[in-house]
Amino acid sequence: MRKPIIAGNWKMYKTFDEATEFVEAVRDKIPSEEIVDAVICAPALYLPTLVDIAFETDLAIGAQNMHFENEGAFTGEISPAQLSAVNVDYVIIGHSERREYFNETDEAVNKKVRAAMNHGIVPIICCGETLEEREANQTEQKVEKQVKAALDGFTVEEVEHMVIAYEPIWAIGTGKTATADDANTVCGAIRNVVEELYGRDTSEKIRIQYGGSVKPENIKELLSKEHIDGALVGGASLQVDSYLKLLEAAM
Ligand SMILES: O=C(CO)COP(=O)(O)O
């Protein structure tokens, strides 16, 4: 059995006070990390403070992006070494918003996954198709290409620790969720790619999340599906009540 992983992606929301108040409010209400992995991926500016507030609780803190180099003349960027030095546990890599607005390529995603693994940070690797691609029946082709590129050059042990998030772009922030069956089909196709590359055992261990308008009302059905091991959640992770409900549904 794969342990569910529910990750909030706060994107560019919340002031410092709102972020710290949220983590203070939820930190003692998080289910045991033996049952579910609970993560909040916050704006980089708040990470050290949130890691401190969540210290010795079952809540893990993640970043939403990072550079692949350890250091250098990259104005405005944050490195994997800098994230691991403040004990960040997870990092989202290759979110469709990064790919679309910041020109993140499959090659950069692969380098970032490499960098995350080198620093013991768990990468949440995002993939997903546009509406156009879905309507042209290119969903699996697109996602397979992204996943193959991201996972290129790792060992079996490394891949088992990664998390993949399938987020159809047309379902992000739109209120349109993929049906649980459609989401499961694509997550199953992703698992097949992992099997093809790294073998059955690894494909059974890697966790695959669904993301795109996940809410307390629809998460149970999504998580009941064979290949969906968790959720990457934007809007519904911003309120304490709704975040806790998402975790509850995963128990
Ligand atoms: O992009 C997402 C999470 O990374 C999904 O966002 P929403 O849950 O707001 O649709």
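Numbers here simply count residues along the sequence, with the first being 1. Just so you know, ligand 1 is whichever comes first in the structure, and atom 1 is the first atom listed for that ligand.
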Pair Asn110-Arg114, side-chain hydrogen bond (donor to acceptor under 3.5 Å, both in side chains): steps then yes or no:
CA-CA 6 Å; Asn110 177 253; Arg114 174 80 271 157; over 6 Å; no
Looking at His119, I'd like to know if its NE2 atom is crowded, meaning that more than 12 non-hydrogen atoms belonging to other residues, nucleotides or ligands lie closer than 6.0 Å.
yes
Go through it in stages, so that I can follow the logic: the residues are Glu248 and Lys29, the test is salt bridge (charged side-chain N to carboxylate O under 4.0 Å, His left out), and I'd like the CA-CA distance, side-chain angles, deciding distance and then a yes or no.
CA-CA 10 Å; Glu248 222 169 85; Lys29 298 182 180 150; over 6 Å; no
Please classify the Ala171 to ligand 1 contact at 4.0 Å (heavy-atom distances, strictly less than): side chain, backbone, both or neither.
backbone
Leu232 contact mode with ligand 1 (heavy-atom cut-off under 4.0 Å)
both
Give the residue, atom name and distance (to 0.1 Å) of the protein heavy atom nearest [atom].
atom                   : value
atom 2 (C) of ligand 1 : Glu167 OE2, 3.1 Å
atom 9 (O) of ligand 1 : Gly235 N, 2.9 Å
atom 8 (O) of ligand 1 : Gly234 N, 2.8 Å

Any sub-3.5 Å donor-acceptor pair from Ser242's side-chain atoms to Ala236's backbone N or O?
yes
Under a heavy-atom criterion of less than 4.0 Å, does Ala236 contact ligand 1?
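The answer is no: ligand 1 sits nowhere under 4.0 Å from a heavy atom of Ala236.
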Is Gly211 close enough to touch ligand 1? Criterion: a residue heavy atom under 4.0 Å from a ligand atom.
no
Residues Arg98, Glu104: salt bridge by 4.0 Å N-O rule:
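Yes, Arg98 and Glu104 are salt-bridged.
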Can Glu204 and Arg191 be counted as an ion pair, charged N to O under 4.0 angstrom?
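No.
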Should one rank Lys215, Gln64, Lys11 by closest heavy-atom distance to atom 1 (O) of ligand 1, which comes out on top?
Lys11
Could you tell me which atoms of ligand 1, counted from 1 in the order shown, lie closer than 4.0 angstrom to a heavy atom of Gly173?
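What qualifies from ligand 1 is 7 (P), 9 (O), 10 (O).
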Between Trp10 and Phe22, is the ring centroid distance below 6.0 Å?
yes
Can you confirm, on distance only, whether ligand 1 has an N/O atom lying under 3.5 Å from any N/O atom belonging to Asn9?
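Yes.
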